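Below you'll find the structure, written out as C-alpha cells, and then a few comments.
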Amino acid sequence: MPAIDWDEPFCGEGANCFRLGTDTQGNAYIAVAGQEDHPLTDTREALRTLIRDIKAGKADHLL
C-alpha cells in the first residue's frame, strides 16, 4: 500500500471519528480513526463527488 497522507480526524458527536487521506498516485482514502490500516479507497474524484453529494443532501435519508 502506498504512503497515505492522513488528515486530522473528523469527529461527529461522541466518538464517531473518521479520517480522510490521499496518496501521490491520485487515490483517496476514508477510514475509521484508529483503523487506518483498513481504509475504503477510491479515486480523488470519487471522494470529491461523495462529499459534494453529501453536502447537497443526497444522503439525508440515511439519517
Side-chain angles (χ1 to χ4, degrees):
M1 182 179 291
I4 301 169
D5 180 27
W6 291 105
D7 290 341
E8 291 297 315
F10 173 79
C11 299
E13 293 181 23
N16 301 321
C17 298
F18 295 89
R19 294 187 79 180
L20 301 176
T22 56
D23 66 22
T24 59
Q25 298 175 351
N27 297 308
Y29 301 83
I30 302 173
V32 173
Q35 298 181 20
E36 290 84 355
D37 53 337
H38 300 289
L40 170 68
T41 184
D42 209 325
T43 63
R44 289 184 187 191
E45 183 56 37
L47 177 61
R48 187 175 294 116
T49 300
L50 173 68
I51 291 170
R52 285 184 183 147
D53 286 351
I54 289 170
K55 285 182 174 183
K58 293 183 180 181
D60 286 356
H61 65 284
L62 300 172
L63 302 175

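Predicted, not measured: the structure shown is a model, and the values here were computed from it.
When the side chain to side chain contact (heavy atoms under 4.5 Å, CB included) test is applied to Ala59, the partners found at least two apart in sequence or on another chain are Ile54, Leu62. Asp5 is linked by a salt bridge (Lys or Arg N to Asp or Glu O under 4.0 Å) to nothing, counting only residues two or more places apart in sequence or in another chain. Asp42 is linked by a side chain to side chain contact (heavy atoms under 4.5 Å, CB included) to Ala46, counting only residues two or more places apart in sequence or in another chain.
Just one residue in the list Leu40, Asp7, Leu47, Asp23 forms a side chain to side chain contact (heavy atoms under 4.5 Å, CB included) with Tyr29, and that residue is Asp23. Residue Asp53 is tested with Thr49, Ile51, Leu50 for a side chain to side chain contact (heavy atoms under 4.5 Å, CB included); the sole match is Thr49.
Glu45 CD: more than 12 foreign heavy atoms inside a 6.0 Å radius.
Side chains of Val32 and Phe18 form a contact here, defined as non-hydrogen atoms less than 4.5 Å apart. Looking at Phe10 and Leu20, their side chains never come closer than 4.5 Å, going by heavy atoms from C-beta outward.
Taking each heavy atom of Pro39 and Trp6 in turn, the nearest pair found is CB-CH2, 4.0 Å. Nearest heavy atoms, Arg44 versus Thr22: NH2-CB, 3.4 Å.
Between the side chain of Gln35 and the main chain of Ala33, no donor-acceptor pair closer than 3.5 Å is present. Panel note: side chain Thr41, backbone Ile30; no donor-acceptor pair is recorded below 3.5 Å.
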